Visitor: 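Here's a structure for you.
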Protein chains: 2
Amino acid sequence: MPRDGLLTRKQIVAAADELFYSQGLHAVSVDAIADKAGVTKKTFYNHFKSKDDLIGSYLEARDRPTIDRFKEWAGNEGSVADRMVRFFSKLASASQGPRWNGCGFMRATAEFANMQGHPAITTARVHKARCEQWLLNMVTEEGHADAETIARALMVLIDGAVSQVLIHRDAKYATSAGFAARSLVSKGQLASDTPDGKNQS
Amino acid sequence: MPRDGLLTRKQIVAAADELFYSQGLHAVSVDAIADKAGVTKKTFYNHFKSKDDLIGSYLEARDRPTIDRFKEWAGNEGSVADRMVRFFSKLASASQGPRWNGCGFMRATAEFANMQGHPAITTARVHKARCEQWLLNMVTEEGHADAETIARALMVLIDGAVSQVLIHRDAKYATSAGFAARSLVSKGQLASDTPDGKNQS
DNA sequence: GTCTATACACAGATAGAC
DNA sequence: GTCTATCTGTGTATAGAC
């Protein structure tokens with residue numbers, strides 16, 4: 001039966017997402033992706049000019065859902081410290097799922113670390129910057145001094161927690177990251193007074 | 001001229017180190033490594049039973065030098081807070097070198113994330129555990145409560161800093177990690193009193 | 001005009017035979 | 001140390017079907 005062009009493209013990206021995320025970028029062939037998507041290679045190359053092109057689209061498609069999930073994990077209630085502890089606690093549970101394999105962006109960067117212009121690198125960079133912006137807004141709203149530094153440090157904790165959990169397959173690294181995040185944002189780091197004490201532990 | 005067997009093996013591992021670390025594990029072929037080492041593939045397969053075997057040896061060879069460098073960066077003077085700030089400052093400079101491409105162990109884990117038994121995974125895990133043990137000794141010596149949690153959080157900061165610097169190619173993520181490390185180990189985390197105040201910022 | 005199906009070019013991969 | 005077996009990779013070409 002005839003296909004809708006946009007649907008076909010989405011199916012290819014969906015197939016790529018499953019295979020790339022689980023097995024890695026170099027480890028998965030265009031053939032395997034076309035097969036899983038139920039299209040021929042001819043169709044594949046009709047929609048994407050190369051495998052690298054697909055890699056860029058794969059990561060772009062993960063950007064927004066990933067950040068949405070992060071926002072959901074952190075929630076909107078309580079101090080930044082509360083939100084980050086909650087975030088890392090959710091990360092700890094999510095990482096125990098059978099399909100969890102760390103951060104697709106970081107793994108893409110790891111595979112193409114020496115290719116500065118590659119879509120994997122540029123797309124990952126944009127995604128991480130968007131994550132950091134989300135944290136920066138949160139930290140700034142709470143009135144922290146040196147909000148940029150704190151936001152960067154929180155990004156470091158997130159990526160580091162994901163990496164350590166991936167290597168050891170042990171969720172307690174996420175919990176420890178939550179502990180560090182709380183110590184970072186809950187102790188005398190405020191530029192303004194907070195007489196209601198909402199940031200005191 | 002005839003070669004010494006152990007020397008040949010070392011040359012192969014040295015060639016693998018240069019190529020694997022700069023380009024990644026899947027991206028480099030056995031041919032390229034044998035070429036760079038100046039041996040034939042026959043010789044290569046005489047010393048290693050497979051590429052995966054070589055990958056394991058490549059990472060094993062990086063274990064000790066990496067940890068020695070970490071110890072050198074941190075130094076032996078001052079509080080844990082001082083050492084970690086110094087460590088991240090050294091990481092910031094080192095990451096600006098032209099050949100720097102993040103952590104080989106983390107990148108190996110990223111490439112083989114779905115292959116639990118692979119030498120890349122098991123070797124990386126052992127290495128990271130050794131790093132953590134070094135930190136744990138340091139933190140324990142200073143008398144911190146919950147030393148295990150702090151050591152894990154410091155590992156999270158190290159791996160996270162390396163990842164973020166790799167993605168953005170911007171050393172200020174390492175500096176921010178140092179800031180977070182100091183807040184983690186210098187504020188009321190001690191189990192015992194420290195009347196000399198050496199941990200007060 | 002987008003898809004399927006198949007075949008093909010050509011380079012490169014791992015591994016091993018001679 | 002060379003040479004080759006066998007497979008797999010990306011990307012293209014040639015068919016025709018809905």
Side-chain angles (χ1 to χ4, degrees), chain A residues 1-59 107-108 110-112 114-115 117-121, chain B residues 1-13 15-59 107-108 111-112 114-115 117-121:
Chain A
M1 64 189 138
R3 286 168 182 279
D4 176 83
L6 231 158
L7 175 64
T8 303
R9 193 188 159 91
K10 275 192 179 173
Q11 282 175 324
I12 293 172
V13 173
D17 186 85
E18 277 193 55
L19 295 174
F20 279 155
Y21 180 70
S22 87
Q23 295 173 237
L25 268 18
H26 281 105
V28 173
S29 70
V30 170
D31 275 318
I33 290 163
D35 266 15
K36 181 150 197 123
V39 303
T40 64
K41 263 207 296 192
K42 171 77 174 157
T43 301
F44 173 85
Y45 281 106
N46 192 19
H47 287 273
F48 300 93
K49 75 177 217 299
S50 67
K51 183 182 179 180
D52 287 342
D53 184 22
L54 172 67
I55 288 174
S57 298
Y58 148 69
L59 289 175
R107 286 174 56 207
E111 287 202 54
F112 292 96
N114 66 325
M115 305 186 70
H118 195 280
I121 303 291
Chain B
M1 65 189 139
R3 288 165 180 283
D4 176 85
L6 230 157
L7 175 64
T8 303
R9 192 188 160 92
K10 274 191 181 176
Q11 283 175 325
I12 294 172
V13 172
D17 186 86
E18 278 194 54
L19 294 174
F20 279 155
Y21 180 71
S22 87
Q23 296 173 236
L25 269 18
H26 281 104
V28 173
S29 69
V30 171
D31 274 318
I33 290 163
D35 266 16
K36 181 151 199 122
V39 303
T40 65
K41 271 203 292 191
K42 167 74 175 165
T43 304
F44 173 85
Y45 281 107
N46 191 20
H47 287 274
F48 301 92
K49 73 178 219 300
S50 67
K51 183 181 179 180
D52 287 342
D53 184 20
L54 173 65
I55 288 174
S57 298
Y58 148 68
L59 289 175
R107 286 174 55 208
E111 286 201 55
F112 292 96
N114 66 325
M115 304 186 70
H118 195 279
I121 303 291

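Values in this document were obtained by computation on a predicted structure and should not be read as measured data. Sequence lines set the chain letters: A, B, ... in the order given, protein chains first and strands last, and positions in each chain run from 1.
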Visitor: Within the pair A:T8 and C:dT2, is there a side-chain N or O less than 4.0 Å away from OP1 or OP2?
Guide: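 No, A:T8 has no side-chain N/O under 4.0 Å of OP1/OP2 on C:dT2.
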
Visitor: Donor-acceptor pair, B:K51 side chain versus B:L25 backbone, under 3.5 Å?
Guide: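 Yes; judged by distance alone, with no hydrogens or angles, the pair exists.
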
Visitor: Does the side chain of A:F48 reach to within under 4.5 Å of the side chain of A:V30, using non-hydrogen atoms?
Guide: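 Side chain of A:F48 against side chain of A:V30, heavy atoms only: no contact under 4.5 Å found.
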
Visitor: Answer yes or no: does a side-chain N or O of A:T43 lie under 4.0 Å from OP1 or OP2 of C:dT4?
Guide: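 Yes, A:T43 has a side-chain N/O under 4.0 Å of OP1/OP2 on C:dT4.
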
Visitor: Mark yes or no for whether A:E111, through its side chain, and A:H26, through its backbone, hold a donor-acceptor pair below 3.5 Å.
Guide: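 A pair under 3.5 Å: yes.
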
Visitor: Who passes side-chain hydrogen bond (donor to acceptor under 3.5 Å, both in side chains) against B:T40, sequence neighbours left out?
Guide: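 By the side-chain hydrogen bond (donor to acceptor under 3.5 Å, both in side chains) rule, B:T40 matches B:T43.
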
Visitor: Rounded to whole Å, how long is the line connecting atom CG of A:L54 with atom C1' of D:dT10?
Guide: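 Distance check: A:L54 CG to D:dT10 C1' gives 13 Å.
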
Visitor: Is the shortest side-chain N/O distance from A:H26 to OP1 or OP2 of D:dG9 below 4.0 Å?
Guide: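 A:H26 to D:dG9 OP1/OP2: no side-chain N or O under 4.0 Å.
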
Visitor: Can you name the salt bridge (charged side-chain N to carboxylate O under 4.0 Å, His left out) partners of B:D35, sequence neighbours left out?
Guide: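 B:D35 satisfies salt bridge (charged side-chain N to carboxylate O under 4.0 Å, His left out) with no residue once adjacent residues are dropped.
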
Visitor: Strictly under 4.0 angstrom, non-hydrogen atoms only: write out the protein contact profile of nucleotides 9-18 of chain C, one letter per nucleotide from the 5' end, B, S or -.
Guide: ----SBB-B-

Visitor: Find the distance A:Q23:CD to D:dG9:P and express it as a whole number of Å.
Guide: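 Value for this atom pair: 11 Å.
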
Visitor: Please state how far atom CD1 in A:I33 lies from atom C1' in D:dT8, giving the value in whole angstrom units.
Guide: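 From A:I33 CD1 to D:dT8 C1': 15 Å.
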
Visitor: Just how far is it from atom CD of A:Q23 to atom CZ of B:F112, taken to the nearest 0.5 Å?
Guide: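 The CD atom of A:Q23 sits 12.0 Å away from the CZ atom of B:F112.
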
